[in-house]
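Everything below concerns the one structure shown next.
Everything quoted here is computed from the prediction, not taken from an experiment. Convention: sequence-line order gives letters A, B, ...; per-chain numbering from 1.
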Amino acid sequence: MIVPTMADMMAQGKQPEVLFWVGAAGSYDDKAKKISRAFVKILHQANVDFAVLGTEESSTGDAAKRAGNEFLFQMQAMMNIEVLNAYEVKKIVTCDPHSFNTLKNEYPSLGGKYEVYHHTQFIQDLIKEGKLKINDTTLKGKRLTFHDPCYLGRANEVYESPRDLIRKLGVNLTEMKRHKSTALCCGAGGAQMFKDAEAGDKEVNILRTEDALETKPQIIATGCPYCKTMMTDGITFKEKSAEVEVKDIAELIAEANNL
Amino acid sequence: MQYIPNILFAIALAVGLGFFVMNIRKLSRNIKLGKDVDRKDRKSERLKNMIMIALGQSKMVKRPFSGFLHIIVYVGFIIINIEVLEIIIDGLFGTHRVFQGIIGDAFYGFLIGTFEILAALVFVTVIIFWTRRNVANIKRFLSKEMKGWPKKDGNLILYFEMVLMTLFLVMNASDAPFQEAGVGNPISQFFVPLFEGFTPENLHIIERTAWWIHILGILVFLNYLYYSKHLHILLAFPNTYFANLNPKGQFNNLESVTNEVKLMMDPSADPYATPAEGAEDEVPEKFGASDVTDLNWVQLLNAYTCTECGRCTSSCPANLTGKKLSPRKIMMDTRDRLEEVGRNIDANKGEFKDDGKQLLNDYISPEELWACTSCNACVEECPVNIDPLSIIMDMRRYLVMEQSAAPQELNMMMTNIENNGAPWQYNQQDRLNWVNEE
């Protein structure tokens, strides 16, 4: 798989149209790496001129900020902004709603002003522009439910882009009782991903998995690497791994298009 | 002698309103203890929010049953209060139903008739509300923070409304000339038989008594607001106007931190430079919030506006899974502590004397703060745009930046970000390995 870096591009005197911000999860986490690869395949199929920062990319600082460490967040932000501005980046796409939110909303006042897209928005545009088609036969009729990532949904009110893509897959979308603005968190946000939960009577991801299982899905789709991990763990806990898959929308599109 | 009722009325009105103004001033002083935050921008958007959300109740009806009932009480409350205007004029000038002569029997009858129907609807609705709070097992009314005063407060408000509505109807029913006119009494006519056999004098006494208790009750209720969760009937308006308009995911970037980070990253900055004249005396700004005075005034306004409905808590993933965190409690604690600080200032001639307490630990525990997933469900749910999440975040900032008191695992996560640009312990040089791992 060919994934050009900004440094390569610059050496060749090229300026890619869009930067793919992979994010820490997309770079290191096994489940999330699959999302990154699926998205790159889609970018290739649609002939998108893109590049990544590679080893020059660093944590956006989202988790640090939400853990309360504003210092570390702003250090990370300023380092990243320096790199992004040096490459004269204008447009960024990412599969991680947390990076999406931070880059889009929290970097501008620190000097980083970019057009930022979540990959579901970006793919939606590719389809509108006629650069990509989704094959609606591969997954036809499968029962699917969509888990709204908090940082895509409530945080930025992107509810329709992922659903629009899901409808194009030809699947049978059944919404959970709590969805869109009332969706329940998967339990990973606010730096919870990196610590044990406080004492309680249940894990948040189990409660959310129960929400999803009520719809009797074959596929639980999401648009966030952290949500994917939490929901996958929930399905494993409920011993439903044989019947239910948890996938990012990019993975589903890559699968539908046999990429 | 004949002016004694008018004078007594004027005194009652002056005392009632005077006390209310005094409480509002205290309220405003307490809110101004908060830090400044600019909410003067985007005026038309703010106005639109206020009209839609506070006046139009658009977020209330997201839960249709309680939302619909709330609208009945809300509309009833506002419209029936038009009648208070007449009561005040009558009371001050010794007139009786002064509007009747001015606007004519038919229109007057229509107005009072509408008020009566609304009063009856409010009465029934308030009974449903009481049942929901006290009999039906609705989880959000049974949480830990709702024990004691908050529960009593909620019920007291309902009793107040029941009594006021009853008095309004009794006042109309015992008003013989009004009943004889036969317009505007669609509900009160059914109470008339209760007073059958009373002499006209006794009936008049009943009418006067109901009239007096009704207006005095309204004045007492007006002044009860400040001591109760019921302030939302006033504060919902400024609260929705001044609410955050940015995307919910956007957390503010602390400016004080930006300055320090810029200095750290500036290779030409001289760390040994002599500080500017007088700089030694400046108290360095505290990062984050450990007490109410570290919060901004909108957060404090939020606290006074909260009417403890608990929609936030009933949608909070941490609370739903049995953790201690309850966004409603965050707001109630903030308000209680702010009141305590206010009383302290009153007792010490306008100056706050350290009482060895603060919002953190004495009211809100770190365990509650660390359970938050920052998912914004509470912010989304609040029918009057209160933002409990911003308080949680400011307090986390204090814990981490002033006390280095993050949970151990989060410290590891942060060390990893610092050292290798990812929350996990991976080598920065392996950042592109995913490309070839199929």
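Between the side chain of B:Q429 and the main chain of A:T55, no donor-acceptor pair closer than 3.5 Å is present. Within the 3.5 Å criterion, the main-chain N or O of B:V435 finds no donor-acceptor partner in the side chain of A:K33. A:N156 places no side-chain N or O within 3.5 Å of a backbone atom of B:P247 that could act as its donor or acceptor partner.
Between A:Y28 and B:Y426, the two ring planes are parallel [angle under 30°; tilted spans 30° to 60°].
Using a 4.5 Å heavy-atom threshold, the side chains of A:F71 and B:V400 count as separate. Taking the side chain as every heavy atom from C-beta outward, A:M193 and B:M413 never approach each other to under 4.5 Å. Annotation: side chain of A:K104 is not in contact with side chain of B:Q250 (no heavy-atom distance under 4.5 Å). Contact of the A:Q74 side chain with the B:E260 side chain is not registered, since no non-hydrogen atoms from C-beta on lie closer than 4.5 Å. Looking only at side-chain heavy atoms (C-beta outward), B:E437 and A:R37 come within less than 4.5 Å of each other. Residues A:V3 and B:W434 have side chains in contact (heavy-atom distance under 4.5 Å, counting atoms from C-beta outward).
Within the 4.5 angstrom heavy-atom criterion, atoms from both the backbone and the side chain of A:E57 approach chain B. Using a 4.5 Å cut-off between heavy atoms, A:K65 touches chain B through backbone and side chain atoms alike. At a 4.5 Å heavy-atom cutoff, the contact between A:T5 and chain B is made by side-chain atoms alone. Within the 4.5 angstrom heavy-atom criterion, only side-chain atoms of A:Q192, from C-beta onward, approach chain B. Interface remark: A:Y226 contributes side-chain atoms only to the contact with chain B (heavy atom separation under 4.5 Å). Using a 4.5 Å cut-off between heavy atoms, A:T182 contacts chain B through its side chain alone, with no backbone atom that close. Contact of A:R208 with chain B is not made at all, since no heavy-atom distance falls under 4.5 Å. If you measure heavy-atom distances from B:N427 to chain A, the contacts under 4.5 Å come from the backbone alone. Looking at A:N101, the atoms closer than 4.5 Å to chain B (heavy atoms on both sides) all sit in the side chain, from C-beta outward. With a threshold of 4.5 angstrom between heavy atoms, A:D196 approaches chain B through its backbone and through its side chain. Using a 4.5 Å cut-off between heavy atoms, A:A32 makes no contact with chain B at all.
Separating the CG atom in A:L110 from the CG atom in B:N253 is a distance of 4.5 Å, to the nearest 0.5 Å. Annotation: the span from B:Q408 atom CD to A:K195 atom NZ amounts to 13.0 Å, rounded to 0.5 Å. Interatomic distance, CG of A:N69 versus CG of B:L399, reported as 12.0 Å (0.5 Å rounding).
Counting heavy-atom pairs closer than 4.5 Å to chain A, the top residue among B:L432, B:T258, B:N252 is B:T258.
A salt bridge does not link B:R431 to A:E56: none of the charged side-chain nitrogens sits closer than 4.0 Å to a carboxylate oxygen.
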Evaluate B:R397 against A:E70 for salt bridge (charged side-chain N to carboxylate O under 4.0 Å, His left out), listing each step before the verdict.
CA-CA 7 Å; B:R397 284 169 170 173; A:E70 185 71 8; 3.2 Å; yes
